[in-house]
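Remarks on the structure that follows.
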Amino acid sequence: MKLNLFTPLPPARTDVAQCVARMLPALSERFDLTLWTDRERVDRSISKVVRVRRYRPGDMDWRDLNYADCNLYNVGNDARFHASIMDVAFRFPGVVIMHDVCVHELAYATLERKPACAARYMELLARCGADAQRDGTAFLEGRVALRDVAARNPLAWWPLQGALGVVSHNGAALREALPSLDIPMLDTPLPWLPRADMAAPMGRGFRRGKRLEMLVCGFLNSPSRRLDEILDALAAFPRRDELLLHVAGHVKDGAALAGRIGKLRLARNVRLHGYLSERRLRSLMERSHLALNLRWPSAGEASGAQLRFWNHSLPTIVTRTGWYARQPEDCLLWVSPERETEDLHRHWAAALDDYDSLARTGLRGRQFLEERHGAEIFADALTDFLPSVDAYRSRAFVGPLAERAGRALGRLGLGEGAGEMLAASAARAAASMAGIRGEFS
Amino acid sequence: MRVLLLTTQVFFTHGGAEIHASSLLDAIRREGHEAELVAIPFKWYPPEKILDNLLACRMLDITESNGVPVDRVIGLRFPAYHIPHPNKVMWILHQYRTAFDLWAKPECDLGGFPDGRLVREAIAKAERELLPEARAIYANSLNVARRLKDYCGMSAEPLYHPPKGAERFHGGECGDYLFFPSRLSGLKRQELALEALARTRQPVRVAFSGKADNPAHLAHLQERAKKLRLDSRVRWLGMISDEEMLERYASCRAVLFPPLDEDYGYITLEAMLSSKAVITCSDSGGPLEFVRDRENGLVAAPDAESLAAAMDAMWKDSAFAVEAGARGRVLIDEMGINWKNVVGRLLA
């Protein structure tokens, strides 16, 4: 079976690219796979095992896509990596792998690259109701931030317009966002390839008298990552001098962050690393005793970072929300959004007093990762899923055809009764072409 | 009986399909029935137009006229053959080929559009859902029936018919040219014939007749012939009258007809009615239902070298050309292909 996958690839600094790299052995074993990228640089580790092709959305030879069995699009909320992919996905229907339920920022950034952005954006929000329209106006007038509008209007439907199927790593969240979703959906855990050489759980055992090292990493620009709140909690923690927090990853304004750390008198307790290479990040994970992986509000996404922490058997504190809330109770350490500081203090104190008990959550996380998140499991699930996409594809024309007919009939200006009668007749005829019988209005 | 024939009309194009429909119309009338042709305009690009046309067909009501029922409809071409009627019989000339046997082939224009795959699947789904509405399904040839089986899993009985004016074809002298009468189009493979001609060792000459689907294609072929230095061995006759065609058939050495997977191919039958041998290819489809290699013609592999060898052989051995042509005529006479039989089956 021939598959095309449009996706960010390493060295692109995104979890989605790492996720693809992990899936490759399992996918290429089952499918005749071609990876498509809009970047010049692709890690040799990828291009030497799988065929990689470059694309420009405005210059596609559609034969390459038409003659494959299925085209898949990796879609996350970051326009830098996913806007071009959406340009192709909207023109050529395929299966969307949704890494984020909230894709509002991607939608806006995509429109921003086109003329009449504001009008198009308002058109988009008009489909979400009057409140969304008010939100949109407030954003365009500079009265609210885009992330606040996004939190209320995730636009999960936006990348799925015309799609033939969707793969979600957090099906419950997607179903909640889109209760009337009517395309085939595969709900399968985010794939991972657990590495045997990383399962060294107790080796990092914390000894009294040394500082307990904590890690927060990834894309830390969004307030939902709670970096400010973590720093506030650390400043307020009486035993803060027994803790060392490593901050590794992308922050928009490093100077401002450093200034804030100084103001909170945390210079001795926090070490800023910036964006680290894969090797250095791995080494930092190996020396850390505890990871902080908070999200609030959650965009509903499955966390690649969490799988990474589990891979290292690293005990992790998370917010009981979104995808995290559906993970096994005994594999994580929990904070509630309402009592974030108190819960953080409680876990930090417990870690300092009895680290081994906490460490067991990391061990159980690693076991869970091996059992549920294997790349093989994902590849098998995809194999089973694709026939339903084929079946859907053969009747996917009915809706657009009936709509097109409706528009043509609308232009006749026949008046309401005659127009409706004709539209129903067209809908019936369109449905009959796909073997769907019944009454339409 | 009041009978309607369902076909499509591509404006300013006249080929086998149009001849087929008008010949059937005449034959039904000759048998004493009332018959009319329902020709739906058809444009296939951009691909969504195919579905629009199909939808338009599905919305037509041809069950009666002036309060008098239409007793039988005969579906000939997609998408017109999907106009609903309770007493429909299919006689499929061919399905929409780029969605089936031509998909992913160089001739497939559908694959060049972003919605090509979707439209292809929609056509396939519609065929599977709507063809069974008919009370019987006949195919134009065994080849068309085989495709229907391969791509839609449905059976159809081949029903052969004679070419237009079959009784007027006659034999003649074994002449000094190969005759290639056909529309000039990629699927008919005039270009392959030119490439083969350039490789022949005998002084073979070819006369092409027929109109180009697209004038640019004729210009391309002529340019190719020039580049291959074939100008003195090729004649471009264009559209010729029926009389001239009969004479060209009668006085050629043999007929050259190497199309790609032809549905049926009147050319084969017309050649045999003219007592001429046929040179065709092993992937030419319909002609292979009549041409027996080294018996009433030659079947070459679909490449320039093999086709050149067949052309040389036919050129060198005029006695074989004459004998093979005579055997073709006997075969066609024995098969009893006539309109009376066709009309009887379609109206049964």
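Chain A is the first sequence line, chain B the second, and so forth, proteins listed ahead of strands; every chain is numbered from 1.
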Quiz item: Of the backbone (N, CA, C, O) and the side chain (C-beta and beyond), which part of A:Arg393 lies under 4.5 Å from a heavy atom of chain B, both, or neither?
Solution: both

Exercise. Would you check if the side chain of B:Ser141 reaches a backbone N or O of B:Asp263 as a donor-acceptor pair within less than 3.5 Å?
Key: yes

Exercise. Using the six-membered ring wherever Trp is involved, compare the ring planes of B:Phe42 and B:Trp44 and label them parallel, tilted or perpendicular (cut-offs 30° and 60°).
Key: tilted

Quiz item: Which atoms of B:Leu110 come close to chain A, meaning under 4.5 Å heavy atom to heavy atom: side chain ones, backbone ones, both, or neither?
Solution: backbone

Practice problem: Flag the one option from B:Lys125, B:Met59, B:Arg117 with the top tally of heavy-atom pairs under 4.5 Å to chain A. | Solution: B:Arg117

Quiz item: Is it the side chain or the backbone of B:Cys57 that comes within 4.5 Å of chain A heavy atoms, both, or neither?
Solution: neither

Quiz prompt | Side chain, backbone, both or neither of B:Glu127 within contact of chain A (heavy atoms, under 4.5 Å) | solution = neither

Practice problem: Measure from the side-chain N and O atoms of B:Arg58 to the backbone N and O of A:Ala431, and report whether any donor-acceptor pair falls under 3.5 Å. | Solution: no

Self-check item: Closest-packed option against chain B by number of heavy-atom pairs under 4.5 Å, given A:Ser394, A:Ala430, A:Ala402
Solution: A:Ser394

Exercise. Could you tell me whether the side chain of B:Lys105 and the main chain of B:Asp101 form a donor-acceptor pair under 3.5 Å?
Key: yes

Exercise. Give, as side chain, backbone, both or neither, the part of A:Ala408 having an atom under 4.5 angstrom from any heavy atom of chain B.
Key: neither

Quiz item: Counting distance only, does the side-chain N/O of B:Arg77 pair as donor-acceptor with the main-chain N or O of B:Ala17 below 3.5 Å?
Solution: no

Quiz item: Does NZ or CZ of B:Lys43 come closer than 6.0 Å to the centre of the six-membered ring of B:Tyr45, within 45° of the ring's axis?
Solution: yes

Exercise. Would you mind checking which part of B:Ala124 comes under 4.5 Å of any heavy atom in chain A, side chain (CB onward), backbone (N, CA, C, O), both or neither?
Key: neither

Quiz item: Can you say whether A:Ala391 sits under 4.5 Å from chain B via the side chain, the backbone, both, or neither, judging by heavy atoms?
Solution: neither

Self-check item: Residue part contacting chain A, namely of B:Leu51, when any heavy atom lies under 4.5 Å
Solution: both

Quiz item: Is the ring centre of A:Trp36 less than 6.0 Å from the ring centre of A:Phe6?
Solution: yes

Exercise. Give, as side chain, backbone, both or neither, the part of A:Ala396 having an atom under 4.5 angstrom from any heavy atom of chain B.
Key: side chain

Quiz item: Picking from B:Ala126, B:Pro84, B:Ala56, which has the most non-hydrogen pairs under 4.5 angstrom with chain A?
Solution: B:Ala126

Quiz prompt | Proximity breakdown for A:Leu422 and chain B, heavy-atom pairs closer than 4.5 Å | solution = both

Self-check item: side-chain contact (heavy atoms from CB on, under 4.5 Å) partners for B:Ser306, two or more places apart
Solution: B:Ala300, B:Ala301, B:Asp303

Exercise. Just do the side-chain contact (heavy atoms from CB on, under 4.5 Å) check on A:Leu5 and A:Leu3 with the steps written out, would you?
Key: CA-CA 6 Å; A:Leu5 174 60; A:Leu3 290 193; over 6 Å; no

